[in-house]
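Please read the structure below before turning to the comments.
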Amino acid sequence: MSSTVITNIASLVTNDPSLGDTSPLGLIQDAAVVIDGDRIAWTGESSKAPATDHRVDAGGRAVIPGFVDSHSHLVFAGDRTQEFNARMSGRSYSAGGIRTTVAATRAATDAELEAGLVRYLAEALRQGTTTFETKSGYGLTVEDEARALRIAAAHTDEVTYLGAHVVSPDYADDPAGYVALVTGEMLDACAPYARWIDVFCEKGAFDGDQARAILTAGKRKGLHPRVHANQLSYGPGVQLAVELDAASADHCTHLTDADVDALAHSRTVATLLPGAEFSTRAEWPNARRLLDAGVTVALSTDCNPGSSFTSSVPFCIALAVRDMGMTPDEAVWSATAGGAQALRRTDVGRLTPGAYADLAVLDAPSHVHLAYRPGVPLVTEVWRRGSRVA
């Protein structure tokens, strides 16, 4: 292994207050980062950087941790252009649109599904995403869910079993039978490929009792819960996530005061997905309300073909600042360290000694430009596990 120093960094986001200006971002001005192998070995002021084998000049640009996208749905076939076009012409979004993608995904070959996954991962990487979670949920048969997870597991460790996305069209008249399949034969086939289990707890998908049965069955198999919670309406999803110590409750658009209080007194991260509200013209989650209550918030893309077909975390940062009440600092933290907490990871989402050397170089002097210059491709370099990859 060899060591590299990236120096002449105008502003470095470490996400460790003890290393920088005592803010949550741990900002260091005129900074340097030392990479040894695939890990961060040192961060600090450029003038104090130790000797290394190689030297890279950041040219007065900002450096941030690689984005941690903790919620995506990337194993699918087809698209839903017509649905999006119709929705933008006045039709409201409902969970039923998922079934369109299910039909296309079932008809696709393994090679076609993997090619799509690789394409979207490369697209995300170019925009600074170095850690990502992705889910099944577009097969809804034992064979199709297992193959989706098998394909995903070849590209990330953060794989989520989402057989409980919606009730399979094959079980339209027998939702209890589908829950039995999801918690039985399908779970047995899928568990070896996954770290997490998720459920869409929502009207039109699964109610609280069904969701609890699915998540507890997954826990017995060693899968940890995540929950699609309170996206389209008020419901039991957030309370269930806290009850089961889910790593995250995702969407969190329609919350009671009790929901906010439960999140604030738990380890469960509220993962907000502004791409979904943008693409469906739905009500924005109130990030300010959550942050002021002391809830840990993550920002992710929810990249999927139906309700949020974006792989751009910078775009989601800009939306969160403009429409959800977050400051630029809070949004960047939530898209990096917050995403890591939603995956219960301490080795990503920060640029501190011992963490993976995952970082993005911005063509700007400050991370604030991610919100200040929306839509501009500011990420000029991406390093992952100590190597320049984009």
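R61 places no side-chain N or O within 3.5 Å of a backbone atom of P365 that could act as its donor or acceptor partner. Side-chain N or O atoms of R384 include none that pairs as donor or acceptor with a backbone N or O of L125 at under 3.5 Å. Between the Q239 side chain and the A258 main chain, a donor and an acceptor come within less than 3.5 Å of each other. No donor-acceptor pair closer than 3.5 Å links the side chain of T271 to the backbone N or O of A249. With hydrogens and angles disregarded, no donor-acceptor distance shorter than 3.5 Å links the side chain of S366 to the backbone of H369. Judged by distance alone, the side chain of K219 and the main-chain N or O of L244 form a donor-acceptor pair under 3.5 Å.
For the residue pair S23 / D21, a side-chain donor-acceptor distance below 3.5 Å is found, with atom types taken as modelled. Defined by atom type and a distance below 3.5 Å, a donor-acceptor pair is present between the side-chain atoms of E114 and H155. The closest side-chain donor-acceptor pair between D259 and T256 falls under 3.5 angstrom. Side-chain contact check for E277 and T253: at least one donor-acceptor pair (N or O, by modelled atom type) lies under 3.5 Å.
Summarising the local packing, CZ of R119 is surrounded by 12 or fewer heavy atoms from other residues, nucleotides or ligands at distances under 6.0 Å.
Ring geometry for H224 against W196 counts as perpendicular: the plane angle is over 60°, on a 0 to 90° scale with 30° as the lower cut. Using the six-membered ring where Trp is involved, H228 and H165 have ring planes that are tilted, between 30° and 60° apart. Ring orientation note: the planes of H71 and H251 are nearly perpendicular, at an angle over 60° on the 30°/60° scale.
Annotation: cation-pi geometry not satisfied between R80 and F309 (NZ/CZ under 6.0 angstrom from ring centroid, within 45° of ring axis).
Between E330 and R288, at least one side-chain N (NZ, or NE/NH1/NH2) sits under 4.0 Å from a carboxylate O, which counts as a salt bridge.
Taking OG1 of T352 as the start and CG of N15 as the end, the distance is 8.5 Å to the nearest 0.5 Å.
With sequence neighbours excluded, the residues satisfying salt bridge (charged side-chain N to carboxylate O under 4.0 Å, His left out) with R388 are E381.
The only option from I6, L12, V34 that meets the side-chain contact (heavy atoms from CB on, under 4.5 Å) definition with T43 turns out to be L12.
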Scan the side chains in residues 175-189 for donor-acceptor partners under 3.5 Å anywhere in the protein, sequence neighbours excluded, and list what turns up.
residue, atom, partner, partner atom, Å
Y178, OH, G163, O, 2.6
T183, OG1, V179, O, 2.8
T183, OG1, A180, O, 3.3
D188, OD1, K221, NZ, 3.0

